[in-house]
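Ligands are counted one by one from 1 in listed order, and the atoms in each one are counted from 1 as well. Start at 1 with the first residue, then count along the sequence. No hydrogens, no waters, no symmetry mates; every other heavy atom, side chains included, goes into these values. Quick caveat: nothing in here was measured; it's all calculated off a predicted structure.
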Amino acid sequence: MTERIRKFLTRRRREDGPCLVLDLEVVRENYQAFAKALPDTRVFYAVKANPAPEILKLIADMGSSFDTASTGEIDLVLAAGATADRISFGNTIKKERDIARAYELGVRLFAVDCEAEVEKVARAAPGSRVFCRILCDGTGAEWPLSRKFGCAPEMAPRVLEHAHRLGLVAHGISFHVGSQQNDVKAWDRALATAGAIFRDMSERGINLQMVNLGGGFPAKYLKEVPKVQVYGRAIFKALRKHFGNRIPETIIEPGRGLVGDAGMIEAEVVLISKKSDEDDVRWVYLDIGKFGGLAETMEEAIRYPIRTPRDGDATTPCIIAGPTCDSADVLYEKTPYPLPISLAIGDKVLIEACGAYTTTYSSVAFNGFPPLKSYVI
Ligand SMILES: *Cc1c(COP(=O)(O)O)cnc(C)c1O
């Protein structure tokens with residue numbers, strides 16, 4: 001926890017519900033670390049990770065560009081003061097009227113992963129640049145992105161050639177190696193494929209310019225993760241290996257890696273109980289769960305560090321659950337979480353590294369619980 005967050009929390013009213021407190025200074029340092037680790041790469045912040053206006057304004061002023069998924073996100077980025085030439089409409093699944101709206105606002109860079117999407121972009125955003133997303137298996141990632149986005153690498157040249165024929169600029173290739181990617185070598189495999197597509201395209205007379213290296217840079221939860229510099233070096237090495245001295249223009253789209261460790265959630269213990277006298281695990285119910293913003297605990301994928309006022313006391317395995325009336329609202333059960341035996345109802349707990357993918361995931365009013373409060377300081 002940063003000193004600024006600690007001070008903020010001591011001034012907060014005790015009876016307030018759960019809240020995220022995010023320290024902009026950490027975002028600033030993280031942005032600088034990315035800029036330094038990959039000096040020739042443009043940063044397109046993945047807005048969905050945390051679209052707080054203060055974050056967008058800070059990094060827009062620092063020179064960041066933005067990866068957006070909807071016209072709502074595009075509006076937020078423009079309101080933060082970034083110009084449309086710093087926006088990528090990176091969702092491969094777009095309504096044609098949203099593409100048209102983005103085009104009207106000045107956006108000229110779009111993601112595609114099939115011919116039908118190319119046709120939409122060609123009609124609604126003529127002459128724009130498109131990049132084709134290829135599938136990545138997500139090995140090594142704690143939050144892999146499955147097969148929903150991207151096409152098989154063999155299909156990409158056909159998609160890009162189609163774009164070229166329809167008057168678009170076949171600009172490049174993108175991939176996402178899976179979120180919270182702990183293996184710095186994951187980019188090497190994807191870049192090998194990207195390099196092959198570049199060569200195939202050039203044989204067809206089309207010279208691609210850009211590789212979008214996606215996100216995947218981790219936040220530190222319970223396990224140590226490699227530093228951004230280590231990712232930077234591994235990526236540069238892979239670019240050299242697969243593109244020789246014709247290294248393309250590159251961009252990265254960090255979300256979690258930029259804001260994850262900048263925020264923490266203060267929550268409260270609502271109930272501690274056992275299901276039977278013989279039960280050796282306790283149930284600890286917090287005032288936040290999957291529907292209050294901790295959706296990434298789905299299948300216990302992301303395991304947040306949790307601090308209590310009684311750390312240091314002897315611990316016991318606990319099942320941690322949220323406060324709603326949905327039985328899916330259990331955070332950690334398959335692998336119970338050690339918490340102090342002395343933990344008591346009413347204690348405040350701190351859930352660390354919650355700056356990414358929390359406020360945006362919190363529900364509107366399930367069971368009448370308000371959405372997660374957020375303070376950006
Ligand atoms: C979500 C997303 C990102 C950000 O991923 P992180 O793993 O949070 O860095 C980047 N690019 C695209 C296209 C995304 O959908």
Residue pairs meeting side chain to side chain donor-acceptor pair (under 3.5 Å), one or both in residues 264-277, sequence neighbours left out, come to Arg12-Glu266, Glu268-Lys348, Lys275-Tyr285
Are the side chain of Lys290 and the backbone N or O of Val330 linked by a donor-acceptor pair below 3.5 Å?
yes
Under 4.0 Å from a heavy atom of Pro254: which atoms of ligand 1 are those, numbered in the order shown and with their elements?
9 (O)
Measuring from the heavy atoms of Gly257, does anything fall under 4.0 Å of ligand 1?
no
A student checking ligand 1 against Ala46 at a 4.0 Å heavy-atom cut-off should list atoms 3 (C), 4 (C), 10 (C)
Show which atoms of ligand 1 fall inside a sub-4.0 Å distance from at least one heavy-atom site of Arg133.
13 (C)
Atoms of ligand 1, numbered as shown, that sit under 4.0 Å from any heavy atom of Gly255:
4 (C), 6 (P), 8 (O), 9 (O)
Can you tell me which residue and heavy atom of the protein come closest to atom 14 (C) of ligand 1, and the distance to 0.1 Å?
Lys48 NZ, 2.9 Å
Using a strict 4.0 Å cut-off to heavy atoms of Tyr357, name the atoms of ligand 1 that fall inside it.
1 (C), 4 (C), 5 (O), 6 (P), 8 (O)
Would you say Gln181 touches ligand 1, if touching means a heavy atom closer than 4.0 Å?
no
Subset of ligand 1 atoms that lie under 4.0 Å from at least one heavy atom of Ser179:
6 (P), 7 (O), 8 (O)
In ligand 1, which numbered atoms sit nearer than 4.0 Å to a non-hydrogen atom of Glu253?
3 (C), 4 (C), 9 (O), 10 (C), 11 (N), 12 (C), 13 (C)
With backbone taken as N, CA, C and O and side chain as the heavy atoms from C-beta onward, which portion of Asp67 lies under 4.0 Å from ligand 1: side chain, backbone, both, or neither?
side chain
Would you kindly say whether Asp137 and Thr139 are connected by a side-chain donor-acceptor distance under 3.5 Å?
yes
Keeping Glu73 on the side-chain end and Ala69 on the backbone end, is there a donor-acceptor pair under 3.5 Å?
yes
Going by the salt bridge (charged side-chain N to carboxylate O under 4.0 Å, His left out) test, name the single residue among Lys220, Lys223, Arg303 that passes it with Glu142.
Lys223
Ile306 backbone acceptor or donor facing Tyr337 side chain under 3.5 Å:
yes
Going by an N to O cut-off under 4.0 Å, is there a salt bridge joining Arg310 and Asp347?
yes
Which of the numbered atoms in ligand 1 are below 4.0 angstrom from a heavy atom of Arg256?
6 (P), 8 (O), 9 (O)
Tell me the nearest of Gln180, His176, Glu142 to atom 5 (O) of ligand 1, using heavy-atom distances.
His176
Salt bridge check: are Asp113 and Arg133 linked by an N-O gap of less than 4.0 Å?
no
Does any N/O atom on Gly90 come nearer than 3.5 Å to any N/O atom on ligand 1?
no
Donor + acceptor pair across side chains of His176, Glu253 (<3.5 Å):
no
